[in-house]
Participant: 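I'd like to ask you about the structure that follows.
Model, not experiment: these values are computed from the prediction. Letters A, B, ... mirror the listed sequences (proteins, then strands); counts begin at 1.
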2 protein chains.
Amino acid sequence: MADTPGASEPSLDEQIAAYQREFQDLDPQVEKVVSALSRLNRRMNVAYGRQTAELGISNAEWEVLKALVLAGAPYRLGPGDLAKRLGLTPAAMTHRIDRMVAEGLVTRERDESNRVRVIVGITEEGRGKWLEAMRMATVFEEDLLQDLSGEERGRLGEMLTRLLRRVEDAQPDAGGRLSDLD
Amino acid sequence: MADTPGASEPSLDEQIAAYQREFQDLDPQVEKVVSALSRLNRRMNVAYGRQTAELGISNAEWEVLKALVLAGAPYRLGPGDLAKRLGLTPAAMTHRIDRMVAEGLVTRERDESNRVRVIVGITEEGRGKWLEAMRMATVFEEDLLQDLSGEERGRLGEMLTRLLRRVEDAQPDAGGRLSDLD
DNA sequence: GCTTCGAACTTTACTGTTGAAGTCTTCAGG
DNA sequence: CCTGAAGACTTCAACAGTAAAGTTCGAAGC
């Protein structure tokens with residue numbers, strides 16, 4: 001039956017061992033960090049996806065709501081600005097906003113002072129969904145970090161921001177495509 | 001001109017400050033870890049994407065090549081198995097393999113001992129691309145971790161695997177969709 | 001040895017993203 | 001004013017992924 005023995009995803013350690021076998025020029029310590037980062041992120045996105053699905057929205061829509069709320073003040077941004085913040089093309093943003101307007105999560109108006117511009121705002125319902133999603137997310141995130149002491153969390157955050165600084169300096173902001181939440 | 005002042009993505013610290021302002025029930029330490037993880041991953045995917053693009057392949061194709069090489073031995077896997085390892089649907093795997101066969105990166109044959117099964121193998125060219133991609137990736141990854149001492153790298157890897165264990169236990173392997181590399 | 005079930009992959013229809021081309025508005029000259 | 005150029009969004013065609021409905025083959029019962 002099991003003609004292909006090891007189905008499913010190999011464990012992290014198995015994967016690292018396989019790398020060592022197939023590609024010796026590899027620092028296992030580095031590979032462990034990098035592989036763990038990728039896998040963690042994938043799992044986290046799955047978890048967020050389940051939570052947002054419960055609210056009847058998608059992770060993609062949640063991202064837009066987050067960007068609007070985090071912008072502060074009147075909670076309005078243009079599609080181009082939103083696209084930059086989310087790392088999408090303007091075209092994708094147009095379609096996403098179309099859907100979200102249809103679902104009543106955001107509004108789209110023309111800027112009367114400059115009629116080329118469009119302004120996207122969050123609705124009551126959108127704000128409500130954002131809040132519920134945040135509540136669920138914080139429970140999940142707290143649970144995720146449960147095994148780390150306060151001191152460890154601090155060190156982890158500090159090390160990650162050091163890595164982040166390094167990539168952001170190297171990639172000042174150029175064409176950032178490729179999916180992911182924030 | 002700058003009618004919308006703060007365009008582009010806010011810095012990590014700005015983002016955390018915004019969260020504090022809009023949603024007080026939030027542990028900034030936790031949020032810092034989570035946000036840094038997401039951003040780091042996005043930036044890393046962009047970096048990998050540039051490198052694979054130089055080789056004329058996509059990140060998605062690189063993932064398939066990695067899975068085949070990491071499988072070891074005769075470097076062959078069925079589409080279903082590949083799909084599980086990459087967290088894709090079988091249908092997506094079919095299409096991906098179609099493209100990769102057309103580009104000469106992998107081969108597709110029927111298993112003669114069980115004609116329902118299909119076997120995907122890596123070609124010389126696929127293996128060559130994999131190797132070049134690995135070389136570029138290790139340079140990038142080493143550079144990424146440059147600011148961390150050996151001891152820090154160890155601690156970071158250990159903490160990340162602890163987080164990973166926690167999500168993987170919670171999500172034994174259920175419907176893992178959502179994009180990402182490995 | 002036929003029939004039925006189930007497994008493994010593919011096909012189809014639809015959703016979402018991209019890149020390139022197009023539209024509309026503003027602004028700077030002439 | 002009128003024209004040209006640049007900016008901000010949208011539209012269009014092509015591509016990648018998903019879900020659900022096929023196909024096809026193998027294996028188990030009768």
Participant: Can you tell me which nucleotide in D/dT10, C/dT17, C/dT10 comes closest to the side chain of B/Thr94?
Facilitator: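 Within the option list, the nearest is C/dT10.
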Participant: Nearest to the A/Arg115 side chain among C/dT26, C/dC9, C/dG16, which nucleotide is it?
Facilitator: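 From the listed options, C/dT26 comes nearest.
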Participant: Send over the distance from A/Glu112 CD to C/dC24 P, rounded to a whole Å.
Facilitator: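 Taking atom P of C/dC24 as the reference, CD of A/Glu112 is at 17 Å.
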Participant: Closest to the A/Thr89 side chain: C/dC9, C/dT18, D/dT18?
Facilitator: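 My answer, after comparing the listed nucleotides, is C/dT18.
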Participant: Over how many whole Å does the gap from A/Ile119 atom CD1 to D/dC9 atom P extend?
Facilitator: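 Result: 10 Å.
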Participant: Figure out the CZ/C1' separation between A/Arg117 and D/dC9, and round it to whole Å.
Facilitator: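 Roughly 11 Å, once rounded to whole Å.
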Participant: Name the closest nucleotide to the A/Ala91 side chain, picking from D/dT18, C/dT18, C/dT25.
Facilitator: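 Nearest to the side chain of A/Ala91 among the choices is C/dT18.
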Participant: Name the residue closer to the 5' end of DNA chain C, choosing between A/Arg110 and B/Pro79 according to the nucleotide with the nearest heavy atom.
Facilitator: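 With A/Arg110 and B/Pro79 compared, the 5'-side residue is B/Pro79.
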Participant: Decide whether B/Val139 and B/Leu148 are clustered together by the hydrophobic rule: side chain heavy atoms of Ile, Leu, Val, Met, Phe, Trp, Tyr closer than 4.5 Å, transitively.
Facilitator: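 Per the 4.5 Å side-chain linkage, B/Val139 and B/Leu148 are not co-clustered.
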Participant: Which part of the nucleic acid, if any, lies within contact of B/Arg108, taking any heavy atom under 4.0 Å across all strands shown: a base, the sugar-phosphate backbone alone, or nothing?
Facilitator: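 Sugar-phosphate contact only.
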Participant: With no hydrogens and no angle check, is any side-chain donor or acceptor of B/Arg166 less than 3.5 Å from a backbone partner on A/Leu145?
Facilitator: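 No, B/Arg166 side chain to A/Leu145 backbone: no donor-acceptor pair under 3.5 Å.
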Participant: Does the distance from a Lys or Arg side-chain N to an Asp or Glu carboxylate O, for A/Arg21 and A/Glu14, drop under 4.0 Å?
Facilitator: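 The answer is no: the pair does not qualify as a salt bridge.
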Participant: Give the rounded distance in Å between these two atoms: CD of B/Glu103 and P of D/dC15.
Facilitator: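 One finds 12 Å between P of D/dC15 and CD of B/Glu103, rounded.
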Participant: Passes salt bridge (charged side-chain N to carboxylate O under 4.0 Å, His left out), B/Lys66 versus A/Glu22? Steps please.
Facilitator: CA-CA 10 Å; B/Lys66 275 195 284 190; A/Glu22 301 293 337; over 6 Å; no
Participant: The side chain of B/Val116 is closest to which nucleotide in this list: D/dC12, D/dC25, C/dT10?
Facilitator: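 Among the listed nucleotides, the one closest to the side chain of B/Val116 is D/dC25.
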Participant: Return no unless some side-chain N or O of B/Arg99 is found under 4.0 Å from OP1 or OP2 of D/dG17.
Facilitator: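 Answer yes for this pair, as a side-chain N or O of B/Arg99 is under 4.0 Å from OP1 or OP2.
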Participant: Whole angstrom is fine here: how far is it from CE in A/Met93 over to P in C/dT17?
Facilitator: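 Roughly 9 Å, once rounded to whole Å.
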Participant: Can you tell me how far C1' of D/dA16 sits from CG of B/Asp98, to the nearest Å?
Facilitator: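 Rounded to whole Å, this separation is 12 Å.
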Participant: State, with a plain yes or no, whether a side-chain heavy atom of B/Trp130 is found less than 4.5 Å away from one of B/Glu61.
Facilitator: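 They are not in contact (no side-chain heavy atoms under 4.5 Å apart), so the answer is no.
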Participant: Tell me the interatomic distance from B/Glu61, atom CD, to D/dG17, atom C1', rounded to whole angstroms.
Facilitator: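 After rounding, the gap between these two atoms is 14 Å.
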Participant: Between atom CG in A/Leu77 and atom P in D/dA8, what is the gap in whole Å?
Facilitator: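 Those two atoms, CG and P, are 14 Å apart.
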